[in-house]
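For reference, the structure is listed below as structure tokens.
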Amino acid sequence: MSGVVAAFVALVSVAVIGYLVGMGGLLRTSDELVLSRLAFFVATPALMFTTVSRADLTSLFSPVLLTQIAAVVAVQLVYVLVARLVWRRDRREATVGALASSYVNAGNLGVPISIYVLGDGALVAPILLFQLLVLTPVSFLILDQGARSVREALLIPLRNPLTVASLVGLAFALSGFSLPVMVMRPIELLGGAAVPVALLAYGLSLYGSQRRAPEAPDATGEKEAPGRPKGAGKDVLLAVGLKAFVQPAVAYLAARFALGLDGSALLAATLFAALPTAQNIYVYAVTYDTGRRLARGAILLTTALSIPIMTGIGAALG
């Protein structure tokens with residue numbers, strides 16, 4: 001077994017423990033929110049600051065980001081053309097679908113994979129920043145249909161703790177300034193909790209999704225059958241197909257043939273593109289009251305598909 005596959009086994013094992021903890025009743029499914037908030041607001045920002053502030057700047061501005069941008073543009077273009085021209089979806093729903101087909105889970109899953117599979121947590125930082133500083137503001141402007149000012153949209157990502165921590169870490173890396181050991185120690189301790197807490201929350205969420213009643217209303221008051229979003233079947237299938245298969249394929253081709261990457265850089269480019277749809281796309285869909293079932297279905301299916309796909313990529317390219 002290669003080191004890459006072994007790293008995936010370790011990550012999946014922790015997620016399975018989270019599932020078993022939920023199944024055994026040691027934690028309630030509602031505790032997923034507590035674990036997720038702990039990881040998102042405390043542990044992962046500490047990890048991103050520690051990682052980025054000590055990173056080699058060449059890894060922060062690597063060609064891997066270019067492959068991700070190429071893959072995002074390609075799949076979003078295909079989704080929007082089909083959704084708008086063929087299916088006549090409105091602009092807001094097409095935007096949610098485009099995000100569901102391209103916006104990767106760089107936080108909860110990208111960080112663990114960057115650290116334990118690729119051996120460099122800083123590799124995922126540029127992708128995280130690109131999504132939060134570019135994709136998110138542009139998407140909000142479209143979803144608001146012009147109601148939000150450009151200035152307000154640009155400031156929204158700065159409320160995200162991962163963005164702030166990464167930018168502060170980048171400032172330290174550029175300046176060469178280091179915090180005293182006594183200050184860094186507690187930050188490192190908090191950062192060490194990020195990966196296991198996020199994976200436990202992820203496993204607990206998988207158990208919670210199975211326990212959800214078939215006709216139970218979600219947070220928006222809607223009722224739906226689990227795992228089968230009503231009224232959005234072909235939209236979900238298109239988003240999932242683009243996200244799970246086309247996006248990593250485009251990233252691989254761009255990395256291998258356009259940029260001439262190989263080895264760990266080629267593996268990183270392909271793995272990051274194969275990450276599942278980020279969960280905050282559903283939050284956006286709920287906030288703007290459009291494409292909720294599309295977002296939820298894409299997240300569930302791409303998450304289920306991502307583990308075997310990324311493990312296969314790791315075995316093939318690792």
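The structure displayed is predicted, hence computed values, not measured ones. Throughout, residue positions are numbered sequentially from 1 according to the sequence presented.
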Worked verdict on Leu200 versus Leu204 for side chain to side chain contact (heavy atoms under 4.5 Å, CB included): CA-CA 6 Å; Leu200 287 172; Leu204 191 60; over 6 Å; no
First locate atom CD1 of Ile17, then atom CG of Leu199, and finally report the distance between them rounded to the nearest 0.5 Å. 10.0 Å
Begin from the C-alpha positions of Leu35 and Leu27 and carry the test side chain to side chain contact (heavy atoms under 4.5 Å, CB included) through to its verdict. CA-CA 10 Å; Leu35 292 175; Leu27 289 176; 4.1 Å; yes
Under 4.5 Å between side-chain heavy atoms, chaining through other members, with only Ile, Leu, Val, Met, Phe, Trp and Tyr counted: pull out the rest of the cluster around Leu81, sorted by chain and number. Leu77, Leu85
Can you list everything that forms a side-chain contact (heavy atoms from CB on, under 4.5 Å) with Ala171? Sequence neighbours excluded, please. none
Given the options Thr67, Val73, Val72, Ile69 meets side chain to side chain contact (heavy atoms under 4.5 Å, CB included) only with Val73
Listed by chain and number, what are the side-chain contact (heavy atoms from CB on, under 4.5 Å) partners of Ala274, not counting sequence neighbours? Pro248, Ile309, Met310, Ile313
Residue pairs, two or more places apart or on separate chains, that pass side chain to side chain donor-acceptor pair (under 3.5 Å) and touch residues 238-248: Lys243-Gln247
Treating Ile, Leu, Val, Met, Phe, Trp and Tyr as nodes and any side-chain heavy-atom pair under 4.5 angstrom as an edge, say whether Val14 and Val34 lie in one connected cluster. no
Is Val86 reachable from Tyr79 through a run of I, L, V, M, F, W or Y residues, each pair having side-chain heavy atoms under 4.5 Å apart? yes
Partners passing salt bridge (charged side-chain N to carboxylate O under 4.0 Å, His left out) against Arg84 (at least two apart in sequence or in another chain): none
Do the side chains of Val21 and Tyr207 get nearer than 4.5 Å, heavy atoms only? no
Nearest non-hydrogen partners of Leu118 and Phe272, listed with the distance: CD1-CZ, 3.5 Å
Please report the interatomic distance CZ(Arg292) to CG(Asp289), rounded to the nearest 0.5 Å. 4.5 Å
Counting distance only, does the side-chain N/O of Gln68 pair as donor-acceptor with the main-chain N or O of Ala273 below 3.5 Å? yes
Has Arg92 got a side-chain atom pairing as donor or acceptor with Leu143's backbone, closer than 3.5 angstrom? yes
Are the side chains of Leu238 and Leu242 in contact, using a 4.5 Å heavy-atom criterion? yes
Name all residues meeting the side-chain contact (heavy atoms from CB on, under 4.5 Å) criterion together with Ala74; count only those two or more places apart in sequence or in a different chain, and write none if there are none. Val250
Quick check on the hydrophobic clustering: are Leu33 and Val42 connected, directly or via other members, by side-chain heavy-atom contacts under 4.5 Å? no
Taking side chain to side chain donor-acceptor pair (under 3.5 Å) as the test, write out the residues that go with Thr44, two or more places apart. none
Distance check, rounded to the nearest 0.5 Å: Leu123 atom CG versus Ile115 atom CD1? 10.5 Å
Which residues satisfy the side chain to side chain donor-acceptor pair (under 3.5 Å) test with Thr277, sequence neighbours excluded? Thr302
Just wondering, do Leu271 and Ile113 contact through their side chains at under 4.5 Å, heavy atoms? yes
Quick note, side chain to side chain donor-acceptor pair (under 3.5 Å) partners involving residues 250-274, not counting sequence neighbours, are none
Nearest heavy atoms of Ala285 and Ala295, plus distance in Å: CB-CB, 3.9 Å
Run the side chain to side chain donor-acceptor pair (under 3.5 Å) test against Arg54 and tell me which residues pass, sequence neighbours left out. Glu188
Polar side-chain atom of Ser114 near backbone of Asp120 as donor-acceptor pair, under 3.5 Å: yes
Heavy-atom donor-acceptor pair, Ser101 side chain to Gln76 backbone, under 3.5 Å: no
ILVMFWY cluster, Val80 and Ile281 together (side-chain gap under 4.5 Å): no
Applying side chain to side chain contact (heavy atoms under 4.5 Å, CB included) between Thr303 and each of Ile307, Leu305, Ile299, Leu301, report the one that passes. Ile299
Donor-acceptor pair, distance only, cut-off 3.5 Å: does the side chain of Thr51 make one with the backbone of Met48? no
Listed once per pair and sorted, the ring pair (Phe, Tyr, Trp, His ring centres under 6.0 Å) pairs that draw on residues 160-188, sequence neighbours left out: Phe49-Phe172, Phe172-Phe177
Excluding sequence neighbours, so at least two apart, what forms side chain to side chain donor-acceptor pair (under 3.5 Å) with Asp31? Arg28
Atom CG in Leu294, atom CD in Glu93: separation rounded to 0.5 Å? 6.5 Å
Would you give the length of the straight line joining atom CG of Leu190 to atom CG of Leu47, rounded to the nearest 0.5 angstrom? 10.5 Å
